[in-house]
Amino acid sequence: MSYTTTFITIVLSQFLLQVATTLASKVPAIIVFGDSSVDSGNNNQIATVLKSNFEPYGRDFYNRKPTGRFCNGRIPPDFISEGFGLRPFVPAYLDGEYSIADFAQGVCFASAGTGYDNATSDVLRVIPLWKELEYFKEYQMKLRAYAGRKKANYIIREALYLVSIGTNDFLENYYSIQSPRSSQYTEEQFQDFILRLAQNFVTQIYHMGARKISLTGLPPMGCLPLERTTNYVSGNGDGCNEKYNNVAKHFNVMLVDLIQRLNNELPGIRVVFSDAYDLLLQMITKPSSFGFEVASVACCGTGLFELGYLCDKLSPLTCTDASKFVFWDAFHVTDKTNQIISDFLMKYVFPQFL
């Protein structure tokens with residue numbers, strides 16, 4: 001390597017380090033609420049069938065470790081944390097391997113299978129959103145004891161709060177045969193109900209110190225492999241369930257209006273809409289444009305219906321290279337898809353927090 005090349009490499013490394021340091025000073029921690037799209041392992045510690053702390057989950061994570069993330073590798077909070085110059089992963093609050101010293105840079109309270117509606121968390125007996133808030137209160141007390149009140153308050157105020165939740169309220173709750181919600185609300189009334197719960201939640205964490213908040217909208221949930229399979233079994237063809245997709249789009253429009261109201265009504269708050277609907281739909285409809293080969297089925301098992309315990313290491317059909325697939329299991333996307341979405345958010349949504 002020439003002297004010039006070495007010099008350029010050193011300068012570039014110093015520049016990247018400086019950028020990472022600047023980003024971290026603007027966002028000292030990533031704090032996560034939500035469902036399986038962002039759960040980094042809290043469900044491992046509770047009595048529920050909805051778990052993923054076994055192979056082949058995590059086979060592309062650090063040390064090939066199945067952590068409880070519903071993915072072959074990392075999920076969006078991990079990539080976003082790294083993008084802000086913090087650690088390349090966000091640990092689960094209930095994971096005994098980590099302490100408040102770890103959580104000072106980032107912590108995840110999310111629980112796979114939960115929703116804004118308490119009835120949603122009851123379906124699979126997971127952590128309800130109100131309990132995630134209780135953990136957050138507990139975390140704040142531990143953080144103040146560990147870092148001191150002034151530093152802790154700084155972290156709480158300047159942290160980026162990632163809130164990714166809502167899909168289960170529809171797919172596991174409202175549209176479930178066992179749910180009473182469909183008889184209590186029309187589709188639009190239920191969306192209004194969920195929006196009110198979302199507003200209450202953001203207001204609660206605001207009064208607990210949160211100021212920088214990302215609300216994730218609904219994905220094209222009718223295109224999840226499980227929903228495509230259900231659509232096919234119901235005799236509606238093998239394409240996406242467009243009814244579900246239209247509900248997701250309508251809900252997202254309502255969520256944008258809510259975000260505007262929150263920004264106008266709560267002094268000092270900055271709520272952003274992290275919309276990945278169109279991006280994910282592009283990956284599904286034009287996978288080759290993103291380097292994928294398969295988008296209609298998932299990597300694990302047959303790719304039609306497996307997730308959780310149905311997606312295990314005994315399945316002989318699981319793909320060998322998840323990077324060719326948009327979806328990892330029938331409900332969740334791959335590490336590669338998560339990275340593409342996270343890179344998009346870092347480039348187009350989160351710069352306003354810098």
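Nothing here was measured: the structure is a model prediction, and the numbers come from that model.
- Under the 4.5 Å side-chain criterion, counting only non-hydrogen atoms from C-beta, Thr337 is in contact with Phe292.
- Shortest non-hydrogen contact noted between Ile284 and Val326 is CG1-CG1, 4.4 Å.
- By the 4.5 Å heavy-atom criterion applied to side chains, Phe290 and Leu279 are counted as neighbours.
- Note on Leu226 and Val233: separate hydrophobic clusters, where clusters join Ile, Leu, Val, Met, Phe, Trp and Tyr whose side-chain heavy atoms are under 4.5 Å apart, directly or indirectly.
- Salt-bridge formation is not detected for the pair Glu158/Lys26: no Lys NZ or Arg NE/NH1/NH2 atom is positioned less than 4.0 Å from an Asp or Glu carboxylate oxygen.
- In this structure Phe70 satisfies the ring pair (Phe, Tyr, Trp, His ring centres under 6.0 Å) test together with Tyr57, His332, sequence neighbours excluded.
- The pair Glu134-Lys137 meets the salt-bridge criterion, with a side-chain N (NZ, NE, NH1 or NH2) lying under 4.0 Å from an Asp/Glu carboxylate O.
- Put simply, the side chain of Thr67 does not reach to within 4.5 Å of the side chain of Asn44, judged on heavy atoms.
- The two residues Thr114 and Pro128 make their nearest non-hydrogen contact at OG1-CA, 3.6 Å.
- No continuous path of ILVMFWY side-chain contacts below 4.5 Å connects Val202 to Val253, so the two sit in separate hydrophobic clusters.
- Checking Thr302 against Glu306 by side-chain atom types alone, a donor-acceptor pair falls below 3.5 Å.
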Check: What's the verdict on side-chain hydrogen bond (donor to acceptor under 3.5 Å, both in side chains) for Ser111 and Asp39, showing C-alpha distance, side-chain angles and the deciding distance?
Finding: CA-CA 5 Å; Ser111 175; Asp39 181 3; 4.9 Å; no

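- Hydrophobic clustering keeps Ile75 apart from Phe33 (ILVMFWY residues linked when any side-chain heavy atoms are closer than 4.5 Å, directly or through intermediates).
- Between Cys319 and Cys299, the SG-SG separation falls below 2.5 Å.
- No side-chain heavy atom of Tyr244 sits less than 4.5 Å from a side-chain heavy atom of Leu224.
- Relative to the six-membered ring of Phe193, Arg196 misses at least one condition, a distance below 6.0 Å or an angle of at most 45° to the axis.
- Remark: side-chain polar atoms of Arg211 are paired, donor with acceptor, to backbone N or O of Tyr206 under 3.5 angstrom.
- A cation-pi arrangement is absent between Lys150 and Tyr154, since the terminal nitrogen or guanidinium carbon is not both under 6.0 Å from the aromatic centre and inside a 45° cone about the axis.
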Give every donor-acceptor pair under 3.5 Å between a side-chain atom in residues 170-179 and any protein atom, sequence neighbours left out.
from, atom 1, to, atom 2, distance (Å)
Asn173, OD1, Ser179, OG, 2.8
Asn173, ND2, Asp117, OD2, 2.9
Asn173, ND2, Thr120, OG1, 2.9
Tyr174, OH, Tyr185, O, 2.8
Tyr174, OH, Glu187, N, 3.1
Tyr175, OH, Glu187, OE2, 2.9
Ser176, OG, Gln178, N, 3.3
Ser176, OG, Gln178, OE1, 2.7
Ser179, OG, Asn173, O, 3.0
Ser179, OG, Arg181, N, 3.1

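- In this structure, CG in Asp329 is found 10.5 Å from OG1 in Thr334, a value given to the nearest 0.5 Å.
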Margin query: Is there a side-chain contact (heavy atoms from CB on, under 4.5 Å) between Asn153 and Arg144? Walk through the geometry before answering.
Written below: CA-CA 8 Å; Asn153 288 346; Arg144 291 187 175 108; 2.9 Å; yes

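- Taking Tyr62 as the reference, nothing meets the ring pair (Phe, Tyr, Trp, His ring centres under 6.0 Å) condition, with sequence neighbours excluded.
- Within the structure, the disulfide bond (SG atoms under 2.5 Å apart) test picks out the following pairs touching residues 163-258 (sequence neighbours left out): Cys223-Cys240.
- Residues meeting the side-chain contact (heavy atoms from CB on, under 4.5 Å) test with Ser164, sequence neighbours left out: Asp35, Ser37, Val38, Thr216.
- Using a 4.5 Å heavy-atom threshold, the side chains of Phe103 and Leu143 count as separate.
- Under the 4.0 Å criterion applied to side-chain N and carboxylate O atoms, Arg59 and Glu55 are not assigned as salt-bridge partners.
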Check: residues 340-354 side-chain donor-acceptor pairs under 3.5 Å, at least two apart:
from, atom 1, to, atom 2, distance (Å)
Ser342, OG, Asn338, O, 2.8
Gln352, OE1, Arg270, NE, 2.9
Gln352, OE1, Arg270, NH2, 2.6
Gln352, NE2, Val349, O, 2.8

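- For Tyr309 and Phe54, the distance between ring centers is under 6.0 angstrom.
- At least one donor-acceptor pair under 3.5 Å links the side chain of Asn42 to the backbone N or O of Leu94.
- Rounding to the nearest 0.5 angstrom, the gap separating the CD atom in Gln105 from the CZ atom in Phe89 is 9.5 Å.
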